[in-house]
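Order of the sequence lines fixes the chain letters, A, B, ..., with proteins taken first and strands second; residue numbering starts at 1 for each chain.
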Amino acid sequence: MADKFILIDGNSLLYRAFYALPLLHNSAGVYTNGVYGFLTMFNRVLAEIQPTHIAVAFDKDRSTFRNELYSEYKANRSAPPEELGGQFQLLRDVLAALNIEYLEMQGYEADDIIGTLSKKAEEQGLKTVILTGDGDALQLVSEQVEVLLTKKGISEMELYDPQGVKDKWGVEPEKMVEIKGLMGDASDNIPGVPGVGPKTAMKLVQEFTSLENLYENLPQVKGKKLVEKLEQNREQAFLSRQLATINRDMELDFSIEDYVMREPHYPELLELYRSLEFNNFLKILQEKEREKGMAPLKQEIEVLFLEREEDVTALLEEIKQGESVALYFQSSYHHPMWASLQGVFLEYSERVYQLKLEAGDDYKLQWIKALLESAVIKKYLHNAKFIQVLLLRHGIELRGVAGDTMLLAYVDDPAFEGDELDACLKKHLQLNIAENNLAALVNTIRELYFQLEGQIPAELRELLQEVEMPMSEVLARMEFCGVKVERSTLARISEELASGIAGHEERIFELAGSSFNINSPKQLGKVLFEDLGLRVIKKGKTGYSTGAEVLEELYQEHEIIAHILNYRQLSKIKSTYADALQELIHPETGRVHTIFKQAQTATGRLSSVEPNLQNIPIRMEEGRRIRQAFVAPGPDWLIMAADYSQIDLRSLAHISGDERLIETFKSGVDIHTRTAVEIFHVPVEWVDSELRRRAKAVNFGIIYGISDFGLARDTGVSRKEARKYIDNYLNSYPGVKKYMEDIVEFGRRHGYVETLLKRRRYLPELNARNKMVQAFGRRMALNTPVQGTSADIIKLAMIKVDEEIRKRRLQARLLLQVHDELLLELPRTELEEVSGLLRDCMENACSLKVPLEVSLKTGPNWYEME
DNA sequence: GACATCACGC
DNA sequence: GACGTACGTGATGTCA
């Protein structure tokens with residue numbers, strides 16, 4: 001790549017950053033916002049420009065050659081505020097640690113240094129970008145030199161090339177000083193010609209090109225007043241031009257090598273960032289350094305090909321009982337029910353073997369069936385569930401899985417995003433797999449497993465072995481089984497929806513007076529708020545907000561709103577459910593097979609994708625009908641749903657140990673009614689549906705760590721009233737109040753919070769300096785143990801249910817988990833036994849301070865259930 | 001392809 | 001003066 005020089009006006013940028021950001025300081029009280037903002041802009045621009053050379057220029061002090069010319073120069077500038085003053089030296093320190101040259105010269109401004117350097121760079125054929133907030137630099141723009149001007153805040157900038165300057169000012173860059181000479185510059189106290197502003201100055205320079213030429217031809221200038229003013233201020237104009245002209249011929253010993261980009265001095269930089277508490281810069285820096293220090297992976301790995309059955313037999317004879325292998329399967333797609341196998345890599349005793357599987361090679365897979373099904377040969381894999389489902393399609397039951405690096409990495413840190421093997425290797429072994437070297441990959445699996453397993457606390461090892469690993473097998477069976485979905489039912493619903501949608505669409509266009517794309521928030525916003533002139537309630541980043549919340553407020557104001565809301569609802573159901581689900585019915589099974597992601601959520605919950613079967617509509621009747629398509633697989637079969645009642649509140653009761661909450665669940669009274677009695681101070685017979693609804697919202701809010709603001713919005717009462725409800729709640733349930741205080745304190749002290757089964761979630765946010773981030777961390781600290789405990793409980797229940805069904809050799813099968821609900825299919829003949837078994841396994845999944853209650857429903861499909 | 005907006009579930 | 005319930009996935013439009 002061609003060499004590129006970036007020249008930064010340190011003063012200008014620091015000022016800009018200082019005023020753009022709130023006054024931040026570290027815990028020692030040192031103000032840091034200017035330096036912080038400088039570095040933010042600096043990093044962004046560096047990433048964008050990727051310069052090979054760099055220098056930062058500073059003003060030396062306030063007296064320059066310009067003051068000798070004109071004593072009033074910059075006389076209007078007051079000294080920098082106290083909070084900024086100290087940051088100049090701080091910035092110099094940071095630059096020194098970054099190993100970046102900075103320059104300052106007695107009697108000159110940063111501009112002059114930049115002008116001189118850019119001129120010399122130009123002479124040597126170097127492309128230059130000048131980063132500054134000072135528009136004076138535009139005079140330096142040329143074919144070789146571009147200027148990046150800060151516009152607003154610290155994120156908006158504009159890059160000027162010669163055409164850019166011409167577009168904006170109508171003249172060549174070098175004529176900018178002529179304009180300045182005429183119009184002056186208030187910020188530098190350069191007078192110019194009074195009464196001549198940017199517009200007039202531009203016009204004059206366009207016509208006369210220079211001050212000299214202008215004054216020689218003064219009579220040609222139109223406007224008597226203007227000529228008069230120009231005449232009177234002739235000397236001042238020339239002086240102003242001189243002041244505005246950047247000196248490009250300072251005496252500088254310039255050698256381009258002095259400004260080559262160099263590696264920072266890491267120890268100094270780390271120390272500085274630490275003391276300034278620039279935690280995100282620190283993180284980026286450490287990440288970078290670690291990546292550099294990463295051992296290059298042994299890329300040259302000898303791979304032994306298993307081409308004939310005899311090769312495999314020989315290998316299998318070598319692998320003794322109790323020994324272990326690592327496996328890596330190549331597949332064509334990320335969904336095990338839609339993927340085909342392309343190859344198997346096997347690492348044994350530090351040797352790597354490969355079995356290639358082309359289309360029609362399924363028989364080769366049978367060669368290793370005995371190995372895969374052996375319970376005594378230990379296997380280490382990454383995401384064993386995926387392989388298990390894929391193999392089930394080939395009639396192979398994977399057994400003997402001793403370790404799964406994906407699940408291990410998940411219990412180590414559930415917030416880590418990157419369930420892929422290479423991401424885990426990078427994080428835990430500092431290994432960077434540069435290319436897709438699968439032999440190298442399989443060769444690292446066991447090392448990753450043992451190293452990480454050795455690091456995690458014993459409780460997490462237990463969670464992995466006793467919960468997540470068995471869970472993985474249960475989920476594999478559920479995914480492979482799938483759930484029967486009737487295409488014809490979905491098609492019928494889709495058609496009905498289509499006609500409903502068309503009706504709303506027609507009426508919307510009539511009322512709007514034009515047709516447009518209703519699905520486009522942008523176009524819809526224009527119609528509602530510009531064409532129809534409705535009240536603007538909320539604006540987002542990109543324009544008017546048209547969310548349901550906003551539209552509901554406008555409901556009474558225009559007939560169109562109701563149609564839009566209905567249109568939105570129906571088209572959501574049609575596109576996401578009725579239509580998309582049909583495509584996902586598997587041709588071989590006639591069923592829909594989701595993937596339950598087991599290493600996805602920060603709380604320990606599962607998630608469901610392709611399709612997501614955890615968000616099938618239920619609240620609104622129109623959407624609920626989608627459930628009619630989820631059917632039992634035969635006339636003598638049933639769908640059964642088993643719901644935990646109030647599992648999150650029961651988890652909260654257990655964790656907090658609150659006496660009243662525990663007592664309520666033990667006595668079996670309705671929790672929301674009870675809460676209403678407590679927080680509204682009324683006898684139970686006064687609790688009507690409205691009071692119960694509000695109490696329910698409060699209960700909900702408590703679990704989520706809601707604020708008075710959010711509660712007010714959800715219940716429709718005033719914020720003050722909502723505050724009162726929360727206070728009343730906390731007084732009524734003092735154990736919950738204590739829990740909230742304790743869990744946040746625990747999180748601050750330990751850096752994490754944990755669930756019933758000691759699943760951890762790290763919460764660095766709790767100790768953040770940013771108040772918003774901290775509040776966010778607080779809500780997570782409150783919510784995660786509750787939601788995560790519920791997730792733990794249902795996982796335990798699922799393992800028990802699956803175990804029991806298999807032990808009793810029942811035909812009933814687990815199909816889905818929807819956080820607090822299990823869905824099964826079963827022959828009618830097993831109805832009684834499965835009901836008892838489910839209730840038993842779920843209610844006794846674990847022993848809490850409160851009873852767990854389960855409600856069971858059955859029916860021919862997921863819609864008609866009782 | 002990344003991002004924002006919207007809407008569905010618990 | 002804005003902004004504030006947790007955890008998710010997916011369809012669609014917009015803009016680079």
- Hey, is the side chain of A:S545 poking within less than 4.0 Å of OP1 or OP2 on B:dC6, counting only N and O atoms? yes
- Task: Measure from the side chain of A:F776, starting at C-beta and using heavy atoms only, and say which of C:dA11, B:dC10, C:dC7 lies closest.
- Result: C:dC7
- Message: Does C:dC7 have its OP1 or OP2 closer than 4.0 Å to a side-chain nitrogen or oxygen of A:Q600?
- Response: no
- Give, for atom CG of A:N517 and atom CD of A:E505, the distance between the pair rounded to the nearest 0.5 Å. 9.0 Å
- Interatomic distance, A:H819 NE2 vs C:dG8 P [rounded to whole Å]: 10 Å
- Would you mind pulling out the nucleotide paired to C:dA2, Watson-Crick or G-U wobble, both distances under 3.5 Å? none
- Could you label the plane-to-plane angle of the A:H586 and A:W338 rings as parallel, tilted or perpendicular, counting under 30° as parallel and over 60° as perpendicular? tilted
- Message: What's A:S608 touching, base or sugar-phosphate or nothing? Going by heavy atoms closer than 4.0 Å.
- Response: sugar-phosphate
- A:E690 atom CD, neighbour heavy-atom count above 12 within 6.0 Å: yes
- Side-chain N or O of A:R568 less than 4.0 angstrom from OP1 or OP2 on B:dA7? yes
- OP1 or OP2 of C:dT14 sitting under 4.0 Å from any side-chain N/O of A:Q523? yes
- Whole-angstrom distance between C:dA2 and B:dC8, as gauged at atom P: 28 Å
- Does a side chain donor of either A:Q817 or A:Q614 reach within less than 3.5 Å of an acceptor in the other side chain? yes
- On a heavy-atom basis, the closest approach of A:V483 and A:L815 is CG2-CD1, 4.0 Å
- Message: Between the base of C:dG4 and the side chain of A:R719, is there a donor and acceptor pair under 3.5 angstrom?
- Response: yes
- Taking atom types as modelled and ignoring hydrogens, do the side chains of A:H819 and A:Q787 form a donor-acceptor contact shorter than 3.5 angstrom? no
- Message: Over all strands shown, is A:N783 touching base, sugar-phosphate only, or nothing at heavy-atom distances under 4.0 angstrom?
- Response: sugar-phosphate
- Item | Proximity to the side chain of A:A548 - top-ranked nucleotide from C:dG10, C:dA6, B:dA7 | B:dA7
- Task: Ignoring backbone atoms, establish whether A:K538 has a side-chain N or O less than 4.0 Å from OP1 or OP2 of C:dC3.
- Result: no
- Task: Mind checking A:I616 for me? I need base, sugar-phosphate or nothing, with any heavy atom below 4.0 Å counting as a touch.
- Result: sugar-phosphate
- Query: For the side chain of A:N519, counting heavy atoms from C-beta on, which of C:dA6, C:dT12, B:dC6 is nearest?
  - Reply: C:dT12
- Item | Side-chain N or O of A:R605 closer than 4.0 Å to phosphate OP1/OP2 of C:dG8 | no
- Are OP1 or OP2 of C:dT9 and a side-chain N or O of A:S607 less than 4.0 angstrom apart? yes
- Tell me: CG of A:L711 to P of C:dC3, nearest whole Å? 20 Å
- Message: Can you confirm whether the side chains of A:S651 and A:S790 place a donor and an acceptor under 3.5 Å from each other?
- Response: yes
- Pick base, sugar-phosphate or nothing for A:A580, based on heavy-atom distances below 4.0 Å to the nucleic acid. sugar-phosphate
- Message: Any side-chain N or O of A:S520 below 4.0 angstrom from OP1/OP2 of C:dT14?
- Response: yes
- The side chain of A:V609 lies closest to which of these nucleotides: C:dT9, C:dG4, C:dC7? C:dT9
- Item | Length of the line joining A:N615:CG and C:dA11:C1', which is rounded to integer Å | 11 Å
- Message: Going by purine N1 to pyrimidine N3 plus the second Watson-Crick contact, or the G-U wobble pair, all under 3.5 Å, which nucleotide sits opposite B:dA4?
- Response: C:dT12
- Answer with base, sugar-phosphate or nothing: what part of the nucleic acid does A:G701 contact at a heavy-atom distance below 4.0 Å? nothing
- Proximal nucleotide (of C:dA6, C:dA11, B:dT5) relative to the A:Q787 side chain: C:dA6
- Looking only at C:dT14, B:dC8, B:dC10, the nucleotide nearest the A:P617 side chain is B:dC8
- Would you check if there is a donor-acceptor pair between the side chains of A:R760 and A:Y752 at a distance under 3.5 Å? yes
- Message: Once you apply a heavy-atom cut-off of 4.0 Å, does A:S790 come out as touching a base, just sugar-phosphate, or nothing?
- Response: nothing
- Can you check whether A:T784 has a side-chain N or O nearer than 4.0 Å to OP1 or OP2 of C:dA6? no
- Any A:N517 side-chain nitrogen or oxygen under 4.0 Å from OP1 or OP2 of C:dG13: yes
- Note on the structure: From OH of A:Y577 across to C1' of C:dG10 the rounded distance in Å is 8 Å
- Query: Is A:L606 touching bases, backbone alone, or none of the nucleic acid, heavy atoms closer than 4.0 Å?
  - Reply: nothing
- Send over the distance from A:H334 NE2 to C:dT9 P, rounded to a whole Å. 12 Å
- If we take the P atom in both C:dA6 and B:dA2, what is their distance in whole Å? 26 Å
- Message: Counting only side-chain heavy atoms from C-beta out, which of C:dC7, B:dT5, C:dG10 sits nearest to A:N612?
- Response: C:dG10
- Can you tell me the distance, in whole Å, between the CD atom of A:E549 and the C1' atom of C:dG4? 12 Å
- Task: Give one of base, sugar-phosphate or nothing for A:F700, where a contact means two heavy atoms less than 4.0 Å apart.
- Result: nothing
- If the P atom of C:dG1 is compared with that of B:dA7, how far apart are they to the nearest Å? 29 Å
- Starting at OH of A:Y410 and ending at P of C:dC7, how long is that distance when rounded to a whole Å? 12 Å
- Item | Value in whole Å for how far the P atom of B:dC6 lies from CD of A:E552 | 13 Å
- Task: Report which part of the nucleic acid A:M772 touches: base, sugar-phosphate, or nothing (heavy-atom distance under 4.0 Å, all strands).
- Result: nothing
